[in-house]
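Chain letters run A, B, ... following the sequence lines, proteins first, then strands; residues in each count from 1.
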Amino acid sequence: MRNTEIAAALSELGTLYELDGAVRYRVNAYREAARVIRDSPVSVEELAREGRATELPGVGKTLEEKILALVDTGSIPAADKLKERFPVSLVEVTQVPGIGARTARRLHEELGISGLEQLKEAAESGRLRGVRGMGQRAEENVLAAVDRLEREGVAERQLLSQVLPVAEEVADRLREHPAVADVMLAGSARRMAETCKDVDLIAATTDPEAVGAALAADPLAATAGAGGDAGARMMTHNGITVELRIAKPEEFGNLVQHFTGSAEHNVKLRERAVGRGLSVSEHGIKDTDSGEVTLCAAEEEVYERLELAYIEPELREGGAEIKAAANGKLPKLVTREDIRGDLHCHTTLSDGHNTLEEMAEAARERGYSYLAITDHSATHGFGNDVQPDALLARVEEVRALDRKINGMKLLAGTETNILPDGSPDYEDDVLGELDWVIASVHTSFRISEKAMTDRVVAAIEHPLVDCIGHLTGRMILRRRPYDIDVERVAEAAAANGTMLEINGNPNRRDMSEQNARLAADAGATIVINTDAHRVGTMENIRYGVATARRAWLTADQIANTRGWRTFARLRKRARA
DNA sequence: GCCGTTTTCGGCCCGACTGTTTTCAGTCG
């Protein structure tokens, strides 16, 4: 059973307990455990069977038993029992914004509502108003929310790459405003999460009205709400909500810290603060005894006041980062400036939009020391396969250009398909002519986990395969990863000296941060690539680096932070 | 239900907003 399924079942059980009136700490425990399980890179089913699920933070003996029951029998007895009293569809009702478990339960008891359809009927017929705490506004809210849920499902998220450029453009413009002292991006976009719900910006100013007006007048704004002293809001023409919070310059750091989150990070931060007699909020850090409030103009001061090392935004997910910051054990994260070369890109020879020369020149302009040209291979299909003779001709072209181009090494490579039996789709004598070989799965996704793992491990063991591309084939928000045992793959990669790629395409970010962490822990060598199909998308290196940073990786753990000579020696073909 | 540089029991983050209400519970981020 997948981690996401286990997480969903525990989260549902948490809500059922909440409907039943359980203390909120118990409910929170289920939700927190669900989150940890969802993000776990290793199979929680296997962990539970080995009696090791309690190694996950937030999972104790009780939850381990429930997980075991779930994976063995397909359901949890406690949940089955609760479902006799509360219909599962009542859980959906709690997804309506503004309706929590307590309200849902009252609606169930007083109006017999057990699902969205009945909730809608009750709102339409005016029966909703008979319930204490529900009036006309609640009725309107419910009708709009149910309508939206039926149309779009649960809250929509967008890819970071759709949101981040908008956020940066608006922030840059606001920063130019004379009344603005500073603007910072906050929220999940600042943490470089895979997806975002909206854009959070914090502006330091003494003139909220003017800044709110500037946001409303931004060229990207399609609609804008009325701004106030605390903030303003607008929506762009492509449906991205921008939330602007206004801070006085002396409290700018407090607001930036607070709204960067994550919520879980802030909870853990405050729990730690309480133990030291401090109370943290967006309005400052209060000494509980004296009542004295410390304001922080800069975010760094918040962490300093709590006797913590500064925590990079990418790490603020409520995991082990606070403990690490307290013990001086935070890693020095890899940066974009550390990256010395890109080992995965395409040209017009296959499905790229720019020529070999254009891609090489773009890499040189970026200051890279090396670039690998890795067009698709003989069986890629879609009309952009590269037959062996074409590839060998391309090798000569790359070598010729490499001799001409100054200050950079061009590698003749390929992104070869891993066929269902695990072999690359060029013969060894062709692969042997190349400087660099990435092997990726592009076909036959729907095979068993064992078959897929065997297939990729076979490629890892091939002496002429240097690196595995986009390990799980996922497309964020569009296609889930294929079934593969990443632990076994990582061990094989470490044992064979085959590198594993973090693909920086923002649709992929594959390996994921969880898998990248697991691979690094297993001792595998990691490279960060863009898979660029045009000059412009070489900039996607930022998303690859972001994933590496969210995986807690240092420059040492990334092969393409090395200069060419060192990197060349790390290649498997150089070691053979 | 989890967890421990105070703890194996007794704690477990903070404030704003909303809608409905004369003082606040529920919800949200």
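Heavy atoms of A/Ile99 sit under 4.0 angstrom from primed sugar atoms or phosphate atoms, though from no base atom. Across all strands shown, A/Gly261 has no heavy atoms under 4.0 Å from either base or sugar-phosphate atoms. Contacts of A/Phe259 with the nucleic acid, taken as non-hydrogen atoms under 4.0 Å apart, are absent. Residue A/Val96 is classed as a sugar-phosphate contact, given heavy-atom separations below 4.0 Å to backbone atoms only.
For the C1' atoms, the distance from B/dC28 to B/dC13 is 14 Å, rounded to whole Å. For the P atom pair drawn from B/dC3 and B/dT8, the interatomic distance equals 16 Å after rounding to whole Å. Comparing the same atom, C1', in B/dT21 and in B/dG26 gives a spacing of 13 Å after rounding to whole Å. Separation of the C1' atoms belonging to B/dT6 and B/dG11 is 11 Å when rounded to the nearest angstrom. The gap from the C1' atom of B/dA25 to that of B/dT20 amounts to 10 Å, rounded to the nearest Å. Taking atom C1' on both nucleotides, B/dT18 is separated from B/dC12 by 26 Å, rounded to a whole Å.
Here A/Glu65 does not pair with A/Lys61 in a salt bridge; the nearest charged N to carboxylate O distance is not below 4.0 Å. Ion pair A/Lys197/A/Glu243 not flagged as a salt bridge, since none of the NZ, NE, NH1 or NH2 atoms sits closer than 4.0 Å to an Asp/Glu carboxylate oxygen. Taking the charged nitrogens against the carboxylate oxygens, A/Arg316 and A/Glu299 do have a contact shorter than 4.0 Å, which makes a salt bridge.
Atom CZ of A/Arg474 has more than 12 neighbouring heavy atoms from other residues, nucleotides or ligands inside a 6.0 Å radius.
If you take CG of A/Leu19 and P of B/dG26, they are 13 Å apart, rounded to a whole angstrom. In this entry the distance linking NZ of A/Lys61 with C1' of B/dT8 reads 16 Å, nearest Å. The distance from atom CZ of A/Arg105 to atom P of B/dG26 is 12 Å, rounded to the nearest whole Å. Between the C1' atom of B/dT27 and the CD atom of A/Glu18 lies a distance of 10 Å, rounded to the nearest Å. Rounded to a whole Å, the CD1 atom of A/Ile202 is 16 Å from the P atom of B/dG29. At whole-Å resolution of the value, CZ in A/Arg31 and C1' in B/dG29 are 14 Å apart. Atoms CG (A/Leu10) and P (B/dC2) sit 10 Å apart, rounded to a whole Å. If you take CZ of A/Arg26 and P of B/dC9, they are 20 Å apart, rounded to a whole angstrom.
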- [ ] In sequence, state the C-alpha distance, the side-chain angles, and the governing distance for A/Arg129 and A/Gln136, and then conclude on side-chain contact (heavy atoms from CB on, under 4.5 Å).
- [x] CA-CA 7 Å; A/Arg129 299 193 198 191; A/Gln136 186 191 340; 3.9 Å; yes

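Taking a pair to require two hydrogen-bonding distances under 3.5 Å in either a Watson-Crick or a G-U wobble arrangement, B/dT8 remains unpaired.
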TODO: Give the B/S/- string for nucleotides 10-23 of chain B, one per nucleotide from 5' to 3', where a protein heavy atom under 4.0 Å of the base yields B, of only the sugar-phosphate yields S, and otherwise -.
DONE: --BBBSS--SS---

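Classified by interplanar angle (parallel below 30°, tilted 30° to 60°, perpendicular above 60°), the ring pair A/Tyr17/A/Tyr30 is tilted.
Toward the 5′ end of DNA chain B lies the nearest nucleotide of A/Thr62, the other residue of the pair A/Arg106 and A/Thr62 mapping further downstream. A residue-by-residue look at A/Gly98 and A/Gly58 shows that A/Gly58 has its nearest nucleotide of DNA chain B further toward the 5' end.
In the set B/dT27, B/dC28, B/dG1, B/dG1 carries the atom at the smallest distance from any side-chain atom of A/Ala29.
Scored by the ring-ring contact (aromatic ring centres under 6.0 Å, His included) test, A/Tyr25 finds no partners at all (sequence neighbours excluded).
Considering CG of A/Leu119 and OG1 of A/Thr103, their distance stands at 10.5 Å, rounded to 0.5 Å.
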